[in-house]
Amino acid sequence: MPHVDDEGRRVFDDRPRHKAVRGERTPMPEQSAERRAGNFDEVGIGYSADEALAEAMRCLQCKNPTCQQGCPVNIDIRGFIREIIDGNWADGVSVLKERNALPAVCGRVCPQEEQCEKTCVLSKKGEPIAIGRLERFLGDHDLSCDLENRCVPQTAEPSGFRCAVVGSGPAGLACAGELARLGHAVTVFESLHAAGGVLSYGIPEFRLPKHIVDAEIESLVAMGVEIVTDYVVGRLSTVDELMTEEGFDAVFIGSGAGLPVFMGIPGENLNGVYSANEFLTRVNLMRAYEFPTSDTPVWRGRKVAVVGGGNVAMDSARTALRLGAEEVFLVYRRTEDEMPARREEVHHAREEGVEFKMLCSPLEITGHDGWVTGLVATRMELGEPDSSGRRAPVCVMDSDFSIDCDTVIIAVGTRANPLIADAAPNLRVTSRGYISTDEHGATSIPGVYAGGDIVTGAATVILAMGAGKRAATSMDGWLRNR
Amino acid sequence: MFSIVHARQLSDAVFEMGVHAPKIARKVRAGQFLMLRIAEGGERIPLTFSDWSADEGWIRFIYMRVGKTTHQLSHLQAGDSIADVVGPLGVPSHVEGLGRVAVVGGGVGAAVAYPVARAMVAAGNDVHVILGARNANLLILEEELRALPLASLTVVTDDGSAGEKGLVTAPLKRLAVAGEVDAAFAVGPAIMMKFCAATAAEHGVPITVSLNPIMVDGTGMCGACRVSVGGDTKFGCVDGPDFDGHLVDWEELMSRQRIYADEERLADAEFSRSCSCHT
Ligand SMILES: Cc1cc2nc3c(=O)[nH]c(=O)nc-3n(C[C@H](O)[C@H](O)[C@H](O)COP(=O)(O)OP(=O)(O)OC[C@H]3O[C@@H](n4cnc5c(N)ncnc54)[C@H](O)[C@@H]3O)c2cc1C
Ligand SMILES: Cc1cc2nc3c(=O)[nH]c(=O)nc-3n(C[C@H](O)[C@H](O)[C@H](O)COP(=O)(O)OP(=O)(O)OC[C@H]3O[C@@H](n4cnc5c(N)ncnc54)[C@H](O)[C@@H]3O)c2cc1C
Ligand code: SF4
Ligand code: SF4
Ligand code: FES
């Protein structure tokens, strides 16, 4: 068995030295662009055992594995790759699960090119190790096992404390998993009818199949986490009532940033205009793509304009294509370089036929008889860098033009979920409605912690999970030292 | 799962249902609504709480059979169950310190008007209720309303088969002209609320309307329910459902309610074909 060094990394002194194989990155098989643009099945098919091994063999097993520093939750990447090399998949899964409760999810949706793969030494001279794909490989392997054979972390002796978690997105799930591991009884309250947060209502099936999310949640339930759906905290109980009437000793709030932002331009309430959240919720959570087998309809536009440049915009555009749109335009204020979406998704969207209209800013949505007929936009150019370091777009005078379309999907951002104000009126929040916390996730109310998008604003799955897990550690300390 | 403890037909197309939901029953206030989903694959639809008992742990709602989901619901009986019931949602109706108030309930809007009128009475207001329907068969909750200590109850039907013949705006106008009301509340089809608001405006009477835009989550996360009120976009599910009737953009509301008319027809037709009740 490997032992662990000062920094928590596995050392494999007793195993033969690994000799890295030079070569190109192992491609992951995927559905062809023509085929997948017509279905909701997953785009990437995942590595086979041989492909995973081939890719793992490229890893140098560095003395100083810089990849790890790029991972927001500090996964022992070298360690899990070594287990793939040695064929010990289950051990590889345990290495992942020490830091990340949902590897099958993160392997698919993390912006790896900005994180672990960016800091892999191989990225200096060529292609970094496909860390995300390997993580997905192990995560999927784990989920393909029967529940009793899955890697479910050992839970500590029951502490006698009860914790409530508000929201079942990545922040809430990671927090719940860690609290359970530390021996606390955990109940997760979710307002929707399904758990998973953005993982189930936002990110589409073709990028993150719902059976993966469900299986990851099943693993948490197997650890003793209780999940209560259809429970709106703030309406059924306030946070205060959770701690008094309902008898919880501590509460974690991971309610996300779900409130869609509109642009405030004329025509936004015309029929055929959707917030990305509504469009994606209808299709993912409510399965409108199976209508009329499922009951929730969605308007299937022929020409669709999607406004925005993030993952949400990419998902909306690609979903519209799959619903049968003939043309899908992506309208973005800056250029492709500034787009916050994952590179892989931008690439996939373009391959599938999404047309990019860069440096365009919408001015008005035009309509006839209550329905959308077009989008009027103005051209932009890039000026000086703004506070975020990105070059700020400025309007080009008299450059207005219009795009014919029957659907407009607005994906320009979200804000703090509104119901949380009702849940805890005395909680300190920022001017934009996000919850204020210290670096351990503690809020202004003793025993109440928060993390994820409701603290940072819309961010990423792994940052939300990291925040949830960190908060669980501080909650544990707070509970035990009270 | 939520078990059904009560199911009853009130008229040709209107039904009442009670569900065991003790947590929700403790928190409901008049004017609030719930979202329900009958089973996996089903749509989430909003319905207003018509009655509830915190002591006995049930809630009730009254619904009109208009499409697939309400049709399916009408086949369920006490002892069956519903997958999801979420609530209470929306801002409770403002019922305190109104003075003399006219409450107008048209069609299945009576299901909302009844608990609101009851709460207004309990808060010490003088409440005039105007109950409207297309015909006597569609009239609901008349008995329940008569049991309340109302200032008056006027029944109106389009065809005169019960009460007076005409539209609900006629008695509303009489009350306003006689100076007998300080405020009004209307709930029913959008077109009815629009005309009630116009009547109230003519006589300088403030009016609250309970809007019914299409909803998906009911918790403020999608914006399907947006309505224009005084030029601002509001979310019906978290900012409403009650709004100032003089400020609502009625044309927009009515247009948005029709977005899925074709799909709704398709879903209902497919379902009705397989349904044994042939209604
Ligand atoms: C379409 C889309 C695509 C994305 N793609 C990526 C990607 O590829 N990679 C990536 O890293 N990130 C992506 N993100 C961002 C990522 O999903 C979020 O940053 C992450 O989900 C935040 O997690 P969370 O737990 O804080 O909140 P959420 O996932 O939003 O979960 C919050 C949960 O709390 C529930 N809730 C809210 N209020 C209450 C209440 N009062 N009572 C009970 N429950 C409540 C909500 O219903 C929800 O289920 C994407 C986001 C979207 C919308
Ligand atoms: C806040 C609120 C409270 C309501 N309270 C009641 C009530 O107490 N009793 C009652 O009978 N009805 C009520 N309604 C209306 C009720 O939600 C619809 O009649 C129901 O959704 C119809 O569903 P269906 O599948 O049977 O019909 P469909 O065939 O789907 O639709 C028929 C009609 O219902 C409307 N509708 C469809 N789907 C939705 C949806 N998801 N959300 C809102 N409206 C929709 C459509 O505009 C259409 O005109 C309320 C609506 C709202 C918004
Ligand atoms: S969790 Fe994300 S960043 Fe960390 S190793 Fe996995 S894919 Fe990379
Ligand atoms: S930095 Fe790259 S090559 Fe080195 S251990 Fe990490 S993944 Fe392997
Ligand atoms: S129904 Fe989704 S925000 Fe109101």
Side-chain angles (χ1 to χ4, degrees), chain A residues 190-194 201-202 228-232 234-237 241 245-246 255-262 264 268-282 285-288 290-300 367 369-371 410 414-415 417-419 421-422, chain B residues 2 21 23-24 26-28 32 34-45 67-69 72 83-90 216-228 233 235 237-239 249 251-260 262-264 266-271:
Chain A
E190 168 58 50
S191 57
L192 293 172
H193 59 259
Y201 77 75
V228 180
T229 51
D230 295 331
Y231 197 111
V232 185
R235 292 303 168 97
L236 279 185
S237 332
E241 286 166 344
E245 289 171 27
E246 307 285 336
S255 54
L259 176 74
V261 173
F262 288 88
E268 266 183 321
N269 293 347
L270 286 164
N271 291 348
V273 182
Y274 282 113
S275 73
N277 259 16
E278 180 186 352
F279 183 68
L280 293 171
T281 299
R282 282 183 180 273
L285 182 71
M286 305 310 299
R287 302 196 156 266
E290 291 170 351
F291 182 86
T293 309
S294 66
D295 292 344
T296 305
V298 67
W299 161 245
R300 293 170 178 243
D369 252 355
W371 287 84
I410 300 171
T414 51
R415 279 205 239 121
N417 204 297
L419 289 176
D422 303 344
Chain B
F2 291 79
K23 280 239 144 98
I24 300 178
R26 271 180 16 210
K27 294 285 179 167
V28 186
Q32 288 187 302
L34 55 91
M35 299 288 305
L36 70 77
R37 194 180 68 130
I38 298 177
E40 204 50 50
E43 189 174 14
R44 293 169 66 100
I45 67 161
K68 179 171 176 184
T69 307
Q72 282 178 313
D84 304 282
V85 177
V86 196
L89 301 170
V216 180
D217 59 300
T219 65
M221 279 173 37
C222 76
C225 60
R226 58 199 191 278
V227 288
S228 292
T233 293
F235 283 10
C237 68
V238 286
D239 301 324
D249 181 337
E251 301 314 313
E252 182 185 285
L253 177 73
M254 289 187 265
S255 166
R256 290 186 63 78
Q257 283 177 337
R258 286 192 299 266
I259 300 181
Y260 302 104
D262 294 345
E263 288 82 358
E264 285 155 0
L266 174 70
D268 196 36
E270 295 233 329
F271 179 71

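As the structure is a computational prediction, the values presented were derived from the model and not from experiment.
B:Y260 and A:W299 get closest at one heavy-atom pair: CE2-N, 3.7 Å. When every heavy atom of A:P292 is checked against every heavy atom of B:K68, the shortest pair comes out as O-NZ, 4.1 Å. Taking both residues in full, the closest heavy atoms of A:F291 and B:L266 are given as CE2-CD2, 3.9 Å, listed atom of the first, atom of the second, then distance.
Atoms CZ and CD, on A:R282 and B:E43 in that order, are 7.0 Å from each other to the nearest 0.5 Å. Taken to the nearest 0.5 Å, the CG atom of A:L270 stands 7.5 Å off from the OG atom of B:S255. Rounding to the nearest 0.5 angstrom, the gap separating the CZ atom in B:R37 from the CG atom in A:D230 is 8.0 Å.
For chain B, the nearby parts of A:V273 are the backbone and the side chain; heavy atoms of each come within less than 4.5 Å. Within the 4.5 angstrom heavy-atom criterion, no atom of A:F279 approaches chain B. Neither the backbone nor the side chain of B:Q257 comes within less than 4.5 Å of any heavy atom of chain A. Heavy-atom distances place the backbone of B:V85, and not its side chain, under 4.5 Å from chain A. For a residue to count as touching a neighbouring chain, one of its non-hydrogen atoms must lie under 4.5 Å from one of that chain's; by this rule B:Q32 touches chain A with the side chain only. At a 4.5 Å heavy-atom cutoff, B:I45 makes no contact with chain A through either its backbone or its side chain.
With contacts defined as side-chain heavy-atom distances shorter than 4.5 Å, the pair B:D217/A:T281 does not qualify.
Side-chain polar atoms of B:T233 and A:N269 form a donor-acceptor pair below 3.5 angstrom.
Surrounding CD of A:E290 are more than 12 heavy atoms belonging to other residues, nucleotides or ligands, all under 6.0 Å away. Counting heavy atoms of neighbouring residues, nucleotides and ligands inside a 6.0 Å radius, atom CZ of A:R415 does not exceed 12 of them.
The candidate from A:L285, A:L280, A:D295 with the greatest count of non-hydrogen atom pairs under 4.5 Å with chain B is A:D295. The candidate from A:T229, A:N271, A:T296, A:N277 with the greatest count of non-hydrogen atom pairs under 4.5 Å with chain B is A:N271. Chain B forms the most heavy-atom pairs under 4.5 Å with one residue out of A:V232, A:L236, A:D369, and that residue is A:L236. Note: B:D84 leads B:V216, B:V86, B:D84 in heavy-atom pairs under 4.5 Å with chain A. In terms of heavy-atom pairs under 4.5 Å with chain A, the best-connected choice from B:A267, B:P88, B:A83 is B:P88.
Of the charged side-chain nitrogens involved, none lies within less than 4.0 Å of a carboxylate oxygen, so that A:E241 and B:R26 do not count as a salt-bridged pair.
Heavy-atom neighbours of chain A within the stretch residues 218-227 of chain B, taken at a separation under 4.5 angstrom, comprise B:T219, B:G220, B:M221, B:C222, B:G223, B:A224, B:R226.
Between the A:R235 side chain and the B:I24 main chain, no donor and acceptor come within less than 3.5 Å of each other.
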Checklist entry - So B:K23 and A:E246, side-chain contact (heavy atoms from CB on, under 4.5 Å) or not? Walk me through it. => result CA-CA 11 Å; B:K23 280 239 144 98; A:E246 307 285 336; 3.3 Å; yes

